[in-house]
Structure formats: C-alpha cells, structure tokens
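A quick write-up on the structure given underneath.
Because only heavy atoms are used, hydrogens play no part in the values below, and waters and symmetry mates are left out as well, while side chains stay in.
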Amino acid sequence: MLAIGIQGSPLKNGSTAYLLKRCMDELKAQGARIEFIDVPRKDIKPCRGCGFCEKKGFCVINDDDMSKETYGLLREAEIVVAASPVFFYSVTAQAKALIDRTQTLWSRKYRFKLSDPLKKTRKGCFLSMGGSRGRQLFDGVDLVARYFFDAIDASFAGSLTYRDIETPEDMRNVPGLSEDIKQLVTGNLMPAENRKKVLFACRENACRSQIAGAFAQRLGGERLDVMTAGSLPAKEVDPLMIQVMAEKGFDLAFRSPRSLDQAIALHQPEIIVTMGCGEVCPHIPGAVQMDWDLPDPAGKPVEFMEKVRDEIEEKVSEFINTL
Ligand SMILES: Cc1cc2nc3c(=O)[nH]c(=O)nc-3n(C[C@H](O)[C@H](O)[C@H](O)COP(=O)(O)O)c2cc1C
C-alpha cells in the first residue's frame, strides 16, 4: 500500500517538511510504502485554464513532472498526505499549482463520469501550520484541501494544524505532537488489519493483470492490498484496455506497467494470480499460487477485449468470495 507525502513549503527543511516526515515515518512504521513529492523542487507548471482537460480528459501540458509522474502517483496511492504552511490564509503557490493541475482528474470524474478503482479506499489528510494565532487561520487551507481530495477520489480523513509556528524547532516542541501523529495515522489513515496482499501478473502488465487489479480494488475494497505486474512489462498500458474499462466507468488512464521483480520486492504478496506470464511466472515460497487460463487480448478487436474483461470480472468476483 502506497502512501504519498506532498511537501508544499519552499523550505526544504522547514516546519512543514519536519511535520510531514514525522507522519510519513509513522505510516512506514505501520506498514505503508512511502514516497514524497517535494513540490517546489519539481517541475510542475501552473494550470493554464484552457479547458483542454474538460474536453479531452488530459492536460495540455504533457512534458513536466506533473504529467510524467504525479498523476500516476496520485492514482496509485491509497493514502495522500498533503502538507503546506499557511501563506496568506491559503496553501503555498507551489502546492496550489499541483492542486490546480488535478483539474484533469476532476474533469475525468465529473465530465467523463469515470472513477478510480481505489475511490472507496483512498484517504486524504492535510497538515498545516502558521506563524500567527488567527482564529480562521486554517479555513482557507481546509477548503482547498477538501476540494483537492474530492478531485483525486480520496475521502477526507482529518488534519493536523498548528498555530504560532515559525521554525521546525517550534514544530518539534509542540506538546503532544507524537500522540497527534499516532492518532491520525493509526486512527484515521491506516486501513483495517489483515488485508490480503495479492499480486496479479500477466506478460506485459498492459491488459489482463491491469483489468484484474482494477476489479479487485473496486470489489475487494479494504480487504485487499493489490499490485499488478508483468514478466515482460510493456512501455505503457494498452489504450484499448483503458477504453473497455472506461465503458465500465473505470479510469485506468494513469496506470503504468511494472516488472515482476519490482512488484515482488515492493509488495511481498501472499497470493499470486498468474494469467499467462509464461515460464517466468513467479514462484514465491509461502505464497498461495493460482493460474487463470485467459487469452491475451493484446492486438485483438475491441469485442475480444470486452469478452476478456467480463471473464476477468467474474473470476475476480469468485476469487473474492473464496477469501
Ligand atoms: C509568504 C508568506 C506568507 C505567510 N502568510 C501567513 C499567514 O497568512 N498567516 C500566518 O499565520 N503565517 C503566515 N506565514 C508564516 C508561515 O506560515 C510560517 O512561518 C510557517 O511555519 C512556515 O512553514 P515552513 O517552515 O514549512 O515554510 C507566511 C509566511 C510567508 C513566507
């Protein structure tokens, strides 16, 4: 399970970075895989407001870090921790640039009526601090964060906010900080225990395992921790697979293929479901192994892809019933 920490302060080692690191360390201690997006050190261009995403479903800016990696991370993460200091009663300009660019995900959700397979499980929380003691200090940040989480299909799972903070030292000295962090992470963010870790593997991780992973995430909810991989991963997922999953209301546009070795190292699966990865299908001692006999739909007509999709949906549904 991936948790991402979005660091929105221009200061690399300021109060925000300190608080975010403490939260992410706690998430890691509780079993999450963590990644940071240090926003001011990324090339994330501001939204142009051109309306392209509302018509096409993609951002017209396709050469910066937002398009190359951030959309993908926002889709893969089950926990999103957004952190920004208060700058003039809102988030920083850098954090806001990232947030505004999620208008693409807003468009895919509200204009194209697509939803992410992790919609029911993804949680978002925000961390913020300001130098003053203003009564409404966090009202602006709170609103921005809630609408951001809605756009990225995350349910709002709380916040930590602190007044009178100018330095990381002030942050470190907040009474009860460790308890606040523990409560947020274990009480609000971490999913139920005893989730089954499942890996779906095919050859290119472009069609079959992606479809299976999406149905497993949607139908299994918090019961499953899902990853997908391929023995010979393709450069990108199959556009026809994205199309037939969109017919079912799924948004798989920002997924990318991953190798089996990487998936096994990151995920340590308890159950491996293979579907045509050939002689290199993984064998992990202790993991339950099953093989689904499914034809490879790559390069076949749309009707074939739809048939394989429906067959996979049935198999995933049966699989979940046996757990
Ligand atoms: C441009 C700017 C605007 C700020 N606006 C506010 C504000 O509206 N209210 C407030 O209480 N603090 C404000 N601050 C103070 C910061 O929120 C505070 O110093 C915070 O601890 C900085 O976090 P950092 O170290 O992670 O950057 C502002 C600071 C800057 C540089």
Quiz item: Got a sec, which hydrophobics cluster with Phe88, joining ILVMFWY side chains under 4.5 Å apart, including via others?
Solution: none
Exercise. Output the rest of the hydrophobic cluster of Met227: all Ile, Leu, Val, Met, Phe, Trp and Tyr residues reachable through side-chain heavy-atom contacts under 4.5 Å, sorted by chain and number.
Key: Leu199, Leu260, Ile264, Leu266, Ile272, Ile284
Quiz prompt | Main-chain N/O of Gln103 paired to Ser107 side chain as donor or acceptor, under 3.5 Å | solution = yes
Practice problem: Could you walk me through whether Arg172 and Thr167 pass the side-chain hydrogen bond (donor to acceptor under 3.5 Å, both in side chains) test, one step at a time? | Solution: CA-CA 9 Å; Arg172 197 173 301 128; Thr167 65; over 6 Å; no
Practice problem: Kindly say whether Asp65 contributes a backbone atom to a donor-acceptor pair with the side chain of Thr70 at under 3.5 angstrom? | Solution: yes
Self-check item: Residue pair Leu127, Thr16: steps toward the side chain to side chain contact (heavy atoms under 4.5 Å, CB included) verdict
Solution: CA-CA 8 Å; Leu127 315 175; Thr16 310; over 6 Å; no
Practice problem: Can you run down the salt bridge (charged side-chain N to carboxylate O under 4.0 Å, His left out) pairs that involve residues 66-92, sequence neighbours left out, and say none if there aren't any? | Solution: Arg33-Glu76, Lys42-Glu69, Arg75-Asp116, Arg75-Asp251, Glu76-Arg258, Glu78-Arg195
Quiz item: Out of curiosity, Leu143 CG to Ser90 OG, how far, rounded to the nearest 0.5 Å?
Solution: 9.5 Å
Practice problem: Output, in order, the C-alpha distance, side-chain angles, deciding distance and verdict of side chain to side chain contact (heavy atoms under 4.5 Å, CB included) for Tyr18 and Leu177. | Solution: CA-CA 12 Å; Tyr18 175 79; Leu177 184 65; 4.0 Å; yes
Quiz item: So, do Arg255 and Pro117 sit near enough that their side-chain heavy atoms are less than 4.5 Å apart?
Solution: yes
Exercise. Look up atom CD1 in Ile99 and atom CD in Gln94, then write down how far apart they are to the nearest 0.5 Å.
Key: 11.5 Å
Practice problem: Enter the distance from Ile271:CD1 to Leu323:CG here, rounded to the nearest 0.5 Å. | Solution: 5.0 Å
Quiz item: Relative to the ring of Phe126, is the ring of Phe156 parallel (under 30°), tilted (30 to 60°) or perpendicular (over 60°)?
Solution: tilted
Exercise. Would you please test Val86 and Val141 for side chain to side chain contact (heavy atoms under 4.5 Å, CB included) and show each step?
Key: CA-CA 7 Å; Val86 176; Val141 176; 4.1 Å; yes
Quiz item: More than 12 heavy atoms of other residues, nucleotides or ligands under 6.0 Å from NZ of Lys120: is that the case?
Solution: no
Quiz item: Between Asn205 and Thr228, is any side-chain donor less than 3.5 angstrom from a side-chain acceptor?
Solution: yes
Quiz item: Tyr110: which other cluster members, linking ILVMFWY side chains closer than 4.5 Å, directly or transitively?
Solution: Trp106
Quiz item: Taking side chain as C-beta onward, heavy atoms only, is Cys125 less than 4.5 Å from Leu189?
Solution: yes
Quiz item: Should we say atom NZ of Lys300 is surrounded by more than 12 heavy atoms from elsewhere, each under 6.0 Å from it?
Solution: yes
Quiz item: Any side-chain heavy atom of Met190 within less than 4.5 Å of one from Ile79?
Solution: yes
Practice problem: Indicate yes or no: at least one non-hydrogen side-chain atom of Tyr162 is less than 4.5 angstrom from one of Ser15. | Solution: no
Quiz item: Are any side-chain N or O atoms of Arg111 and backbone N or O atoms of Gly57, one a donor and one an acceptor, separated by less than 3.5 Å?
Solution: no
Quiz item: Can you tell if the side chain of Met305 reaches within under 4.5 Å of the side chain of Gln243, non-hydrogen atoms only?
Solution: no
Quiz item: Given Asp150 and Arg146, is the salt bridge (Lys or Arg N to Asp or Glu O under 4.0 Å) satisfied, shown in steps?
Solution: CA-CA 6 Å; Asp150 181 63; Arg146 283 172 194 267; over 6 Å; no
Self-check item: Any donor-acceptor pair under 3.5 Å from Arg48 side chain to Ile61 backbone
Solution: no
Exercise. List in chain and number order the residues that pass side-chain contact (heavy atoms from CB on, under 4.5 Å) with Asn173, two or more places apart in sequence or in another chain; answer none if no residue qualifies.
Key: Glu169
Quiz item: Which value, rounded to the nearest 0.5 Å, describes the distance between Gln183 atom CD and Asn188 atom CG?
Solution: 6.0 Å
Exercise. Please confirm whether the backbone N or O of Met290 pairs with a side-chain atom of Thr274, one donor and one acceptor, at under 3.5 Å?
Key: yes
Self-check item: Where at least one partner belongs to residues 21-56, residue pairs that pass ring pair (Phe, Tyr, Trp, His ring centres under 6.0 Å), sequence neighbours excluded
Solution: none
Self-check item: Donor on one side chain, acceptor on other, Gln30 and Glu26, under 3.5 Å
Solution: yes
Please table the atom pairs, donor to acceptor, closer than 3.5 Å between any side-chain atom in residues 2-10 and protein atoms at least two apart or in another chain.
unit_1, atom_1, unit_2, atom_2, d
Gln7, OE1, Ser9, N, 2.9
Gln7, NE2, Ser9, O, 3.1
Gln7, NE2, Asp38, OD1, 2.9
Ser9, OG, Leu11, N, 2.9

Quiz item: If we only count heavy atoms from C-beta on, is the Met66 to Leu74 side-chain gap below 4.5 Å?
Solution: yes
Exercise. Sequence neighbours left out, what pairs pass ring pair (Phe, Tyr, Trp, His ring centres under 6.0 Å) with at least one residue falling in residues 232-257?
Key: Phe58-Phe254, Tyr71-Phe254, Phe215-Phe250
Exercise. Side-chain contact test, heavy atoms from C-beta onward, threshold under 4.5 Å: evaluate it for Ser132 versus Leu137 and give yes or no.
Key: yes
Exercise. Could you name each residue pair satisfying ring pair (Phe, Tyr, Trp, His ring centres under 6.0 Å) that touches residues 130-155, not counting sequence neighbours?
Key: none
Quiz item: Can you tell me if Thr102 uses its side chain to pair, donor with acceptor, with the backbone of Leu105 under 3.5 Å?
Solution: no
Quiz item: When rounded to the nearest 0.5 angstrom, what distance separates CG in Leu219 from CD1 in Ile320?
Solution: 4.5 Å
Exercise. Hydrophobic side-chain clustering at under 4.5 Å (ILVMFWY, transitive links): who's grouped with Phe112? Put none if nobody.
Key: Leu114
Self-check item: Working for side chain to side chain contact (heavy atoms under 4.5 Å, CB included), residues Met275 and Lys315
Solution: CA-CA 11 Å; Met275 40 193 88; Lys315 281 189 182 296; over 6 Å; no
Quiz item: Near Lys45 NZ, under 6.0 Å, is it more than 12 heavy atoms from other residues, nucleotides or ligands?
Solution: yes
Practice problem: Would you indicate whether Lys197, at its atom NZ, is surrounded by more than 12 heavy atoms from other residues, nucleotides or ligands within a distance under 6.0 Å? | Solution: yes
Quiz item: Rounded to the nearest 0.5 Å, how far apart are SG of Cys202 and CG of Leu232?
Solution: 10.5 Å
Quiz item: Under the salt bridge (charged side-chain N to carboxylate O under 4.0 Å, His left out) rule, what pairs show up with a residue in residues 81-103, not counting sequence neighbours?
Solution: Asp64-Arg101, Lys96-Asp100
Quiz prompt | Contact list for residues 218-238, test salt bridge (charged side-chain N to carboxylate O under 4.0 Å, His left out), sequence neighbours left out | solution = Lys123-Glu222
